[in-house]
Amino acid sequence: MGFTPTASKVAFVADSTLGLSPEEALKEGIHLVPQQVIHGGRAYRDLVEIRPEEVLRLLERGERLTTSQVAPEDLKETYERLLKTHDRVLSVHVSGKLSGTLSTEESVARAFGGRVLVLDSWSLNGGLRLVLEEARRLLRAGVAWEGLEGALAPFRARVRGYVLPKTLTYLHRSGRIGGLQRFVGGLLRILPVLEIREGGVFPGPRVRGFGEGLRKVAELFRRDFPEGAQVYLAHAGNEEGARALGAAIRQEGVEVLGVLPAGAAVSVHTGPGTVALFAGPRG
C-alpha cells in the first residue's frame with residue numbers, strides 16, 4: 001500500500017539556488033541546504049557565510065569565484081533533524097547537469113531508505129521553485145509518495161528558463177566562451193540568450209545589446225507559452241532590468257509570482273547585471 005502524505009508528514013528541502021534566503025524559505029515551509037561559493041581557496045556556505053550582495057561585489061572587483069555542491073554533512077544533519085518530526089523528506093534540487101549537488105543528495109539519502117525522496121528539478125532558481133511548488137500541490141491532491149516523481153514529470157519537462165547576461169566578461173571568465181568570441185562580441189555588443197530546458201543550458205539566439213536581449217527573451221517566452229504561464233523573474237543586482245522584462249511579458253494569462261535574487265550559481269557564471277525568466281505551465 002502506498003504512502004499518502006499530508007502536509008504535516010512531509011518536510012521540504014531545497015538547495016540555495018532556490019533564490020530565497022533561509023529565513024524566507026522557512027516561512028514557506030522549505031528548509032534550505034547551502035551550496036558552496038569558492039573564493040581564495042576557501043569554501044563559503046552560500047547565504048550563510050557569504051551573502052548575494054557580497055558575491056556581486058567580489059565579482060565586480062574582478063575576483064575569481066566558483067561554486068560547488070552542497071556539503072554531505074549539511075545534508076545528513078538536515079535529513080536527520082527533519083525526520084525526528086516528519087515521516088518523510090522531499091528534497092528537490094538544482095539540475096544534475098548543472099551541479100554535483102544532486103548526486104551528493106542521492107548518496108546521502110540512501111542511508112535513510114525510502115523516507116527521503118530526492119528529485120531533480122531540471123532547473124534552478126525560479127524553475128526549481130516552480131517544480132517544488134508543483135510537487136507540493138500534487139501531494140496535497142493525494143498523489144502517493146511512490147508515484148510522485150512520475151506524476152511530476154510532465155510538468156517538469158515543460159519548465160523553461162531564459163537567461164540574459166549583461167556582458168560576456170563572466171562567461172569568458174568561467175570558461176563558457178573563448179577570448180576571441182568575447183573580444184568580437186564586446187566590439188559588436190553581441191550577447192547570447194541562454195535557454196534552460198530538461199536540465200541543460202543551451203545557447204539561444206544572439207542579440208545586439210541588452211535592450212534587444214530583453215525583447216528576445218519575451219519573444220522566446222511567448223513562443224514556448226502562447227497560452228500563458230506561471231513566471232518567476234530573477235536578477236543579479238539588476239532590479240531595473242527585471243522590471244523591464246516583467247513589463248515586456250505582461251499579457252493575459254501570465255502570472256508573475258515573484259522576483260528573486262539570481263544567487264551565486266547564476267551570478268558567478270553569467271555575472272552582475274544578469275536577468276532571467278523562469279516559466280512553467282499554469283495549473
Side-chain angles (χ1 to χ4, degrees), residues 3 5 10-20 25 28-36 46-47 67-72 74-76 78-79 82-83 88-139 143-163 194-202 224 229-230 232 234 260 262-266 268-269 276-281 283:
F3 171 75
V10 178
F12 299 93
V13 172
D15 61 77
S16 58
T17 68
L18 182 68
L20 295 174
E28 297 192 18
I30 303 167
H31 302 264
L32 282 194
V33 286
Q35 281 206 316
Q36 299 179 85
D46 187 24
L47 301 176
T67 57
S68 186
Q69 63 200 46
V70 174
D74 283 339
L75 288 167
K76 184 172 183 290
T78 299
Y79 293 159
L82 292 174
L83 287 172
R88 297 287 194 279
V89 170
L90 178 63
S91 207
V92 185
H93 297 283
V94 58
S95 168
K97 294 180 181 178
L98 304 179
S99 169
T101 290
L102 189 77
S103 60
T104 302
E105 299 273 354
E106 291 171 337
S107 177
V108 173
R110 287 190 200 102
F112 299 93
R115 296 186 71 192
V116 177
L117 176 61
V118 174
L119 294 181
D120 188 338
S121 71
W122 282 10
S123 192
L124 78 166
N125 197 264
L128 192 166
R129 193 168 177 190
L130 287 167
V131 171
L132 176 56
E133 288 170 352
E134 178 65 7
R136 295 173 80 167
R137 187 192 70 78
L138 290 170
L139 290 174
V143 170
W145 185 252
E146 294 79 3
L148 180 60
E149 186 166 11
L152 184 63
F155 179 91
R156 180 182 66 175
R158 287 291 320 281
V159 170
R160 295 288 184 273
Y162 314 89
V163 180
L194 306 174
E195 298 186 50
I196 301 173
R197 61 181 185 273
E198 297 182 348
V201 178
F202 301 89
D224 292 338
Q230 307 174 76
Y232 279 107
L260 306 169
V266 174
V268 165
H269 298 292
L277 184 160
F278 296 92

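We count residues from 1, following the sequence as given.
Residue Leu152 comes nearest to Ala135 through the heavy atom pair CD1-N, 3.8 Å, listed as atom of the first residue, atom of the second, then distance. In terms of heavy-atom proximity, Ala14 sits nearest to His93 at C-CE1, 3.7 Å. Considering every non-hydrogen atom in both Val92 and Leu128, the closest pair reads O-CD2, 3.9 Å. Nearest heavy-atom pair, Ala265 versus Thr17, reported as atom, atom and distance to 0.1 Å: CB-CG2, 3.7 Å. When all heavy atoms of Ala151 and Pro154 are compared, the pair lying nearest together is O-CD, 3.4 Å.
From Ile196, atom CD1 reaches atom OH of Tyr162 across 10.5 Å, with rounding to the nearest 0.5 Å. Distance check: His31 NE2 to Thr78 OG1 gives 9.0 Å after rounding to the nearest 0.5 Å. To the nearest 0.5 Å, atoms CD (Glu134) and OG (Ser121) are separated by 13.5 Å. From Leu119, atom CG reaches atom CD of Glu149 across 5.0 Å, with rounding to the nearest 0.5 Å. The distance from the CG atom of Leu124 to the CZ atom of Phe278 is 4.5 Å, given to the nearest 0.5 Å.
For the pair Ser95 (side chain) and Gly199 (backbone), a donor-acceptor distance under 3.5 Å is present. Using a distance-only test at 3.5 Å, with no hydrogens or angles considered, no donor-acceptor pair links the side chain of Trp145 to the main chain of Leu117.
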- [ ] May I have the step-by-step check of side chain to side chain contact (heavy atoms under 4.5 Å, CB included) for Ile30 and Arg136, ending in yes or no?
- [x] CA-CA 11 Å; Ile30 303 167; Arg136 295 173 80 167; 3.5 Å; yes
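Annotation: side chain of Val70 is not in contact with side chain of Thr104 (no heavy-atom distance under 4.5 Å). With a 4.5 Å cut-off on side-chain heavy atoms, Leu83 and Val116 count as touching. For the pair Leu90 and Leu148, the minimum side-chain heavy-atom distance is below 4.5 Å. Between Asp120 and Arg156 the shortest side-chain heavy-atom distance falls below 4.5 Å.
Evaluation of the side-chain contact (heavy atoms from CB on, under 4.5 Å) rule for Ser99 yields Gln35, Gln69, Val94, Thr101 as partners, not counting sequence neighbours. Considering only residues two or more places apart in sequence or on other chains, Glu133 meets the side chain to side chain donor-acceptor pair (under 3.5 Å) condition with Arg129, Tyr232. Residues that satisfy the salt bridge (charged side-chain N to carboxylate O under 4.0 Å, His left out) test with Arg197, not counting sequence neighbours, are Glu195. Contacts of Val159 classified as side-chain contact (heavy atoms from CB on, under 4.5 Å), with partners at least two apart in sequence or in another chain: Ser123, Val131, Phe155. Residues meeting the side-chain contact (heavy atoms from CB on, under 4.5 Å) test with Ser68, sequence neighbours left out: Gln36, Ile38. Under the salt bridge (charged side-chain N to carboxylate O under 4.0 Å, His left out) criterion, Lys76 pairs with Glu80, not counting sequence neighbours. Applying the side-chain contact (heavy atoms from CB on, under 4.5 Å) criterion to Ala279, with sequence neighbours excluded, gives Phe221, Phe225, Ala229, Val231, Leu277. Applying the salt bridge (charged side-chain N to carboxylate O under 4.0 Å, His left out) test to Asp74 and every residue at least two apart in sequence or in another chain returns Arg45. Judged as a side chain to side chain donor-acceptor pair (under 3.5 Å), and not counting sequence neighbours, Asn125 has no contacts. Qualifying salt bridge (charged side-chain N to carboxylate O under 4.0 Å, His left out) partners for Arg158, counting only residues two or more places apart in sequence or in other chains: Glu227.
Exactly one of Leu18, Asp15, Val13 qualifies for a side chain to side chain contact (heavy atoms under 4.5 Å, CB included) with Leu32. That residue is Leu18.
The ring-ring contact (aromatic ring centres under 6.0 Å, His included) contacts involving residues 108-139 comprise Tyr79-Phe112, where partners must be two or more places apart or lie in separate chains.
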